[in-house]
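Here the structure is laid out as structure tokens; the discussion comes afterwards.
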Amino acid sequence: MNRYEAVTLFELIRSAYPGIYAKKARDEKAVEEFISLYMENFGGEPFEIVRAAVSDLIKRSKFPPNISEVWEQVQRQKDLEEFQTREEIEEAEEMSQEDREAFENALIAFYKA
């Protein structure tokens, strides 16, 4: 995640919680601290995953997410993504296994004829 993406997250959270962030949005130091905090904690994470995590937390809470909540949700998102990828690989392997079995059955039928 880069600086621009961290600013995008700030804007997302500010928009979702306008009453809480009304003053902070005008306070350059507060905005800079937010950006630094997110870059420090999520700089190595894919932006799409962090954004999805923040969006999910916004949907479920009346209050802005804190760093630990976002971190936990990022881990859940990554686990879910890994599970889905693993499931897709297993499905592809199963399909190829089915194809192999069909081919073997066709060969057996061919040689029997």
Side-chain angles (χ1 to χ4, degrees):
M1 180 171 62
N2 61 38
R3 181 177 174 73
Y4 174 77
E5 293 165 338
V7 170
T8 301
L9 290 176
F10 176 79
E11 290 300 322
L12 176 66
I13 293 171
R14 185 187 60 80
S15 296
Y17 304 98
I20 295 172
Y21 279 88
K23 290 180 183 176
K24 287 185 179 181
R26 292 187 299 259
D27 182 355
E28 287 183 34
K29 184 179 178 188
V31 172
E32 201 54 46
E33 287 173 356
F34 178 97
I35 293 166
S36 294
L37 188 62
Y38 269 71
M39 288 182 66
E40 180 181 316
N41 285 280
F42 306 108
E45 302 294 339
F47 174 68
E48 296 79 19
I49 290 178
V50 179
R51 187 180 193 296
V54 169
S55 292
D56 286 348
L57 290 167
I58 286 171
K59 290 174 191 172
R60 297 182 302 172
S61 180
K62 297 177 187 177
F63 303 102
N66 62 43
I67 291 296
S68 64
E69 291 171 324
V70 175
W71 181 254
E72 288 173 1
Q73 191 63 26
V74 164
Q75 297 311 309
R76 283 190 205 109
Q77 292 281 353
K78 287 167 62 174
D79 291 344
L80 178 62
E81 212 172 78
E82 182 181 327
F83 175 76
Q84 288 172 338
T85 302
R86 193 175 312 136
E87 200 172 66
E88 289 169 2
I89 290 169
E90 288 172 1
E91 284 177 11
E93 288 174 351
E94 285 175 17
M95 283 189 284
S96 62
Q97 178 65 26
E98 289 172 5
D99 290 343
R100 271 187 258 134
E101 288 174 8
F103 180 70
E104 288 171 6
N105 290 335
L107 282 176
I108 291 168
F110 176 76
Y111 287 114
K112 283 184 178 179

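In terms of the salt bridge (Lys or Arg N to Asp or Glu O under 4.0 Å) criterion, residue partners of E11 (sequence neighbours excluded) are, by chain and number, R14. Listed by chain and residue number, nothing satisfies the side-chain hydrogen bond (donor to acceptor under 3.5 Å, both in side chains) test with E5 (two or more places apart in sequence, or in another chain). For E69, there are no side-chain hydrogen bond (donor to acceptor under 3.5 Å, both in side chains) partners, not counting sequence neighbours. N66 meets the side-chain hydrogen bond (donor to acceptor under 3.5 Å, both in side chains) test with S68; sequence neighbours excluded.
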Output a table of donor-acceptor pairs, distance under 3.5 Å, between side-chain atoms of residues 31-39 and any protein atom two or more places apart or on a different chain; print 'none' if there are none.
{"residue": "E32", "atom": "OE1", "partner": "R3", "partner atom": "NH2", "Å": "2.8"}
{"residue": "E32", "atom": "OE2", "partner": "R3", "partner atom": "NH1", "Å": "2.9"}
{"residue": "E32", "atom": "OE2", "partner": "R3", "partner atom": "NH2", "Å": "3.3"}
{"residue": "S36", "atom": "OG", "partner": "E32", "partner atom": "O", "Å": "3.0"}

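A distance of 12.5 Å separates OG of S61 from CG of D56, quoted to the nearest 0.5 Å. Taking CZ from F63 and CD1 from I58, the interatomic distance works out to 14.5 Å, rounded to the nearest 0.5 Å. How far CH2 of W71 is from CD1 of I67: 10.0 Å, rounded to the nearest 0.5 Å. Atom CZ of F42 is separated from atom CZ of F47 by 12.5 Å, given to the nearest 0.5 angstrom. Atom CD of Q75 is separated from atom CD1 of I49 by 9.0 Å, given to the nearest 0.5 angstrom.
Closest approach of S55 and L12 over heavy atoms only: OG-CD2, 3.8 Å.
Annotation: salt bridge (charged side-chain N to carboxylate O under 4.0 Å, His left out) contacts involving residues 36-54, sequence neighbours excluded, comprise E45-K78.
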